[in-house]
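Pasting a structure here, questions to come.
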Amino acid sequence: MGCRGAIIPQKVTIRHNARMTGTNSSSLPIGIFDSGVGGLTVLKAIRETLPHENLVYLGDTARLPYGTKSPESIARYATQATAKLLLHDIKMLVIACNTASAVALEVLQRQMAPLPVLGVVVPGATAAVAARPGGSHLVLATEATVRLGAYRRAIAALDPGARIKEKSCEMLVSLAEEGWTAGHIAESIVQRYLDEAQADGFKADSIILGCTHFPLLRDTISAAAGPSVAVVDSANTTAAVVQQTLRSAGSLSAVKHAGDLTLLATDGISRFARVGGQFLGRALSAEDVHLVDL
Ligand code: DGL
């Protein structure tokens with residue numbers, strides 16, 4: 001059933017709903033998806049920046065990880081997740097997954113226009129370049145994100161003088177999913193990745209957490225990297241771009257009460273709640289999460 005040629009498979013059709021292009025979209029939710037719970041770090045930042053917005057989050061836990069899959073599979077998953085979120089009448093789509101952003105952002109932007117579609121790679125690159133202009137950036141990401149060179153291109157476009165090294169760190173996804181984000185096991189795995197990345201003499205001024213799971217390991221990564229290294233992620237910059245985009249479209253929520261949060265997962269809602277609570281910074285129960293099929 002693999003797709004040949006085109007990255008977005010023709011079999012998966014996305015139907016635009018009528019309200020997508022309507023003018024009174026302020027009360028509609030923002031749709032956010034990730035391969036699992038990692039994108040909740042982005043959701044958290046969006047919620048802090050825009051507390052009155054309704055949010056629908058989809059974690060494709062049945063097919064996690066995306067980072068080791070082929071671009072064709074990742075694109076198919078991203079398209080199916082988008083189609084599911086469209087059923088919620090979303091006014092904007094945030095791809096809160098670096099791997100899916102690296103593979104599918106441009107195609108989804110084209111397919112979904114005029115619905116705004118935002119990824120997390122450019123916001124992450126923007127944060128790093130702002131923190132260390134003209135600096136050396138070490139990007140920690142999944143295999144697929146590294147293979148596609150998404151951060152390398154994004155940083156080079158923003159700051160041609162920057163030096164960039166990309167390192168895939170699949171084991172960090174597992175550590176974050178397991179909740180082992182501190183202690184000697186996490187420390188020695190992080191140290192090994194940093195040593196490997198800098199074995200050729202590359203000296204990072206910034207480390208980009210180029211995977212939505214890695215902010216959970218921020219303290220461990222910062223401690224291993226040392227105080228002179230800026231450790232940045234996409235979450236806050238993405239939230240700021242979401243705010244700007246909705247403001248310029250006149251689509252910011254007009255209500256004064258807290259927005260609704262709907263959580264969807266494609267498998268393991270108890271695990272999603274248990275691990276997701278750590279990403280979100282507050283306890284979740286399985287009743288907070290709806291099981292869906294794509
Ligand atoms: N969410 C993915 C990312 O940000 C990491 C986990 C995965 O491989 O699915 O790249």
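As a basis for the values below, the full set of heavy atoms in this structure was taken, side chains included, without hydrogen atoms, waters or symmetry mates. Counting starts at 1 for both ligands and their atoms, in listed order. All values reported here derive from a predicted model rather than from experimental measurement.
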Item to check | Donor + acceptor pair across side chains of T82, T79 (<3.5 Å) | outcome: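 The answer is no; no qualifying pair exists.
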Checklist entry - For ligand 1, which atoms have a heavy atom of Y66 less than 4.0 angstrom away? => result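 Those qualifying, in numeric order: 7 (C), 8 (O), 9 (O).
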Checklist entry - For ligand 1, is there an N or O atom under 3.5 Å from any N or O atom of G67? => result yes
Next on the checklist: Is the contact between T212 and ligand 1 made by the side chain, the backbone, both, or neither, using heavy atoms and a 4.0 Å cut-off?
Outcome noted: both
Checklist outcome for this item: Of all protein heavy atoms, the one nearest atom 10 (O) of ligand 1 is T99 OG1, 2.6 Å
Item to check | Residue part near ligand 1, for E170, under 4.0 Å between non-hydrogen atoms | outcome: neither
Next on the checklist: Assess whether a salt bridge exists between E178 and R271, defined as any Lys/Arg side-chain N lying under 4.0 Å from an Asp/Glu carboxylate O.
Outcome noted: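 Yes, E178 and R271 are salt-bridged.
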Checklist entry - Between S35 and D60, is any side-chain donor less than 3.5 angstrom from a side-chain acceptor? => result no
Item to check | For atom 5 (C) of ligand 1, the protein heavy atom that lies nearest, with its residue and separation | outcome: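 I find the closest protein heavy atom is C211 SG, 3.2 Å.
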Checklist entry - Is there side-chain contact between L140 and I208, with heavy atoms separated by less than 4.5 Å? => result no
Checklist entry - Going by heavy atoms in the side chains, are F33 and I95 under 4.5 Å from each other? => result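 Side-chain contact under 4.5 Å: yes.
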Next on the checklist: Using a 4.0 Å heavy-atom cut-off, which part of D34 comes near ligand 1: side chain, backbone, both, or neither?
Outcome noted: side chain
Item to check | Enumerated ligand 1 atoms positioned under 4.0 Å from heavy atoms of T142 | outcome: 5 (C), 8 (O), 10 (O)
Checklist entry - Going by the order shown, which atoms of ligand 1 are within less than 4.0 Å of some heavy atom of S35? => result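 Selected atoms, number and element: 1 (N), 2 (C), 6 (C), 7 (C), 9 (O).
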Item to check | Location of contacts on N98 toward ligand 1, heavy atoms closer than 4.0 Å | outcome: both
Next on the checklist: Return the closest protein heavy atom for atom 2 (C) of ligand 1 as residue, atom name and distance.
Outcome noted: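 Protein heavy atom at minimum distance: C97 SG, 3.5 Å.
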Next on the checklist: Within ligand 1, which atoms have a heavy atom of L64 less than 4.0 Å away?
Outcome noted: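 Within the 4.0 Å cut-off of L64, ligand 1 contributes 9 (O).
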Checklist entry - Does a side chain donor of either S26 or S253 reach within less than 3.5 Å of an acceptor in the other side chain? => result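 No donor-acceptor contact under 3.5 Å links the two side chains.
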Item to check | Side chains of S234 and T237, donor plus acceptor under 3.5 Å | outcome: no
Item to check | Between R132 and S206, a side-chain donor and acceptor under 3.5 Å | outcome: no
